[in-house]
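Everything below concerns the one structure shown next.
Below, chains carry the letters A, B, ... as their sequence lines are ordered, and counting in each starts from 1.
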Protein chains: 2
Amino acid sequence: MEQILPHLDSVFSIDCVLFGFDGKELKILLIERNEEPFKDWWALPGNIVGPDESLDQSASRILYELTGLRGIYMEQYYAFGDPHRHPQGRVITLAYYALIRLGGDKELRPISTYAKRANWLPITDLPKLAFDHQKIYDKGLEKIKRRIKHQPIAFELLPEKFTLTQLQHVYELVLGKKLDKRNFRKKIVSFGVLKELDEKQKGVSYRAATLYRFDKRKYAKLFGKEISF
Amino acid sequence: MEQILPHLDSVFSIDCVLFGFDGKELKILLIERNEEPFKDWWALPGNIVGPDESLDQSASRILYELTGLRGIYMEQYYAFGDPHRHPQGRVITLAYYALIRLGGDKELRPISTYAKRANWLPITDLPKLAFDHQKIYDKGLEKIKRRIKHQPIAFELLPEKFTLTQLQHVYELVLGKKLDKRNFRKKIVSFGVLKELDEKQKGVSYRAATLYRFDKRKYAKLFGKEISF
DNA sequence: TTACTTAGTGTAAAAAATACACACTATATT
DNA sequence: AATATAGTGTGTATTTTTTACACTAAGTAA
């Protein structure tokens, strides 16, 4: 019913679960709150949706303000709107996740005002979270677990050039289980969306692995949108 | 960012894609609008979220008000919030879908005030829809296509006792393709979540088929939540 | 009794998933 | 130069799953 537009107090926010991978661990970005309620608690970064922004634009802006990153794959996945989720009033929040390759060059730009600090914390050892943010995170993880099996999102967590072992590592972390090396390589290569490069890994003290690149064009041609990793 | 609660004008609504199955066709419930904007257009039924309702509660209430039905499987699947999706102001809407067995006993209760009438229309022949409702519907169909492959939602569209042919028919309609009878039966029976009854179909002018029932307990024990139809 | 309509059933072939172990190669160490 | 170390890279056999395919059985209607 959309023909009446009553004047209502309702606040609409976006919270982001930013998954980051540094080559070793899967982490998420959390901020330490500097204000009540939940002062000193860790929370998911988020913000209010602006009046003239689309939801996706808003999510991108928030990510940019918090990390300085642009062009990151973000996806809306659920709305949380329990009337009592925020102690001070009704706030409906939309959850987005993003996948980010950490380390290397770029540092996070200092976080905006409302937090003491921001940190990437490993998902294996998360603190208690403010509001219903644990629930939001849980659902986000569940979502990418499902999605990584059918869509090429793993590459978003890796540098442009990566080894098959690194790729397998990402799958293992997200899915939370070990995979067989030979079967994994057989399958992933058989899709034909990886381009084997003439380059090798550098700076390792053992046999250097071959580097690969995800071939977006080929992927789009072959599958449109779907695949089964 | 949830510690500040500015006074903002924003309207938050829920729109429902109600899929119904009458034994023959897959339909959705549409209302014919009686007010501007989009007067005389067909639109998805929806309403404003009340100040003290959870989102799921709100969706259930809206469904009840429109159809008189309770206890229906409903699921939130996406938020639509383009700043210009509603010509008169910012309205963010949450889309829910529901699956409903039509025909038989219950009639729809008369629709509340804001519509001229409501109708179940076959999805194969939908009119132009108001607002961005075509997009909302498209995404909803996509969603149940995906979900019917992994979760036992097909049964929501069928009476409690059903034949395997009816079940196959639902899958074919949702997925939009023909399935092989023998393979379908083999697979669906092999999951062990159907209970074969001692009853047969009645009132048909040909050999009556055996009736089955979906066994929720067994399903829960076997799979928790997942399956692959 | 016959015609009609849908129910119900099995098998063989192909494809996909799984389980499993060792030799190779680059570097670092002595 | 020889050796230790650590991760790379590869093949095959078995099992499971998916696919393709056509006829007989049972009940109703005329």
Side-chain angles (χ1 to χ4, degrees), chain A residues 21-25 145-146 148-150 154 158-159 161-173 175-213 222-223 226-229, chain B residues 22-25 146 148-150 154 158-159 161-173 175-213 222-223 226-229:
Chain A
F21 179 63
D22 60 4
K24 297 228 167 61
E25 289 177 301
K145 264 190 191 177
R146 184 173 300 245
I148 203 173
K149 291 184 184 167
H150 302 289
L158 289 168
K161 300 171 183 179
F162 53 84
T163 69
L164 294 184
T165 300
Q166 288 165 349
L167 182 59
Q168 183 178 343
H169 195 188
V170 167
Y171 273 88
E172 289 178 338
L173 283 173
L175 296 176
K177 65 178 181 190
K178 283 250 164 252
L179 301 172
D180 178 85
K181 180 156 74 158
R182 278 176 290 190
N183 293 338
F184 177 81
R185 291 159 101 97
K186 204 190 310 175
K187 188 164 187 182
I188 211 91
V189 166
S190 77
F191 288 125
V193 298
L194 294 186
K195 184 166 175 56
E196 184 175 347
L197 304 178
D198 285 335
E199 255 172 289
K200 302 258 165 190
Q201 210 176 10
K202 274 178 187 155
V204 289
S205 67
Y206 45 80
R207 175 178 181 182
T210 304
L211 291 170
Y212 289 77
R213 169 186 296 152
L222 284 174
F223 303 100
E226 285 295 309
I227 204 171
S228 258
F229 290 104
Chain B
D22 61 3
K24 297 228 167 58
E25 290 177 300
R146 183 173 300 244
I148 204 173
K149 290 184 186 168
H150 302 289
L158 288 167
K161 300 169 184 181
F162 52 85
T163 70
L164 294 184
T165 300
Q166 288 167 349
L167 183 59
Q168 182 178 346
H169 194 188
V170 167
Y171 273 88
E172 288 179 339
L173 284 173
L175 296 176
K177 66 177 182 192
K178 282 250 165 250
L179 302 173
D180 178 84
K181 180 158 72 158
R182 279 176 291 189
N183 293 337
F184 177 80
R185 292 161 100 96
K186 203 191 312 176
K187 190 164 187 183
I188 211 90
V189 166
S190 78
F191 288 127
V193 298
L194 293 187
K195 184 167 176 54
E196 184 176 348
L197 303 177
D198 284 335
E199 258 172 289
K200 302 257 165 192
Q201 211 175 11
K202 275 179 188 156
V204 288
S205 66
Y206 44 80
R207 176 179 181 183
T210 303
L211 291 171
Y212 289 77
R213 168 187 295 153
L222 285 174
F223 302 101
E226 285 295 308
I227 205 170
S228 258
F229 290 105

Between the protein and nucleotides 8-10 of chain C, are there any N/O to N/O pairs under 3.5 Å, and if so, what are the atom names and distances?
from   : atom 1 : to     : atom 2 : distance (Å)
C/dG8  : OP1    : B/T210 : N      : 2.9
C/dG8  : OP1    : B/T210 : OG1    : 2.7
C/dG8  : OP2    : B/R185 : NH2    : 2.7
C/dG8  : N7     : B/K181 : NZ     : 2.6
C/dG8  : O6     : B/K181 : NZ     : 3.4
C/dG10 : N1     : B/R182 : NH1    : 3.4

Legend entry - Integer-rounded Å distance: C/dT27 C1' and A/Q201 CD: 13 Å
Legend entry - Outermost nucleotides of DNA chain D that come under 4.0 Å of a non-hydrogen atom of chain A: D/dA6 to D/dT12
Legend entry - Residues which pass side chain to side chain contact (heavy atoms under 4.5 Å, CB included) with B/L222, listed by chain and number, not counting sequence neighbours: B/V193
Inset, instruction - Please list, chain by chain and in numerical order, all residues satisfying side chain to side chain contact (heavy atoms under 4.5 Å, CB included) with B/V204, sequence neighbours excluded. - result: B/Q201, B/Y206, B/A208
Inset, instruction - Any chance you could lay out the side chain to side chain contact (heavy atoms under 4.5 Å, CB included) test for B/K200 and B/T210, step after step, and finish with the verdict? - result: CA-CA 5 Å; B/K200 302 257 165 192; B/T210 303; 3.2 Å; yes
Legend entry - Over all atoms of both residues, closest heavy-atom pair of A/F21 and A/L158: CE2-CD2, 3.8 Å
Inset, instruction - Scan for salt bridge (charged side-chain N to carboxylate O under 4.0 Å, His left out) pairs involving residues 180-196 of chain A, sequence neighbours excluded, and state none if there are none. - result: none
Legend entry - First of A/K187 and A/S205 reached from the 5' end of DNA chain C, by closest nucleotide: A/K187
Inset, instruction - With sequence neighbours excluded, tell me which residues meet side-chain hydrogen bond (donor to acceptor under 3.5 Å, both in side chains) with A/E172. - result: A/Q168
Inset, instruction - Look at the rings of A/H150 and B/H150 and say which category their plane angle falls in: under 30° parallel, 30 to 60° tilted, over 60° perpendicular. - result: tilted
Inset, instruction - Find the distance between CG (B/L167) and CZ (B/F184) and round it off to the nearest 0.5 Å. - result: 4.0 Å
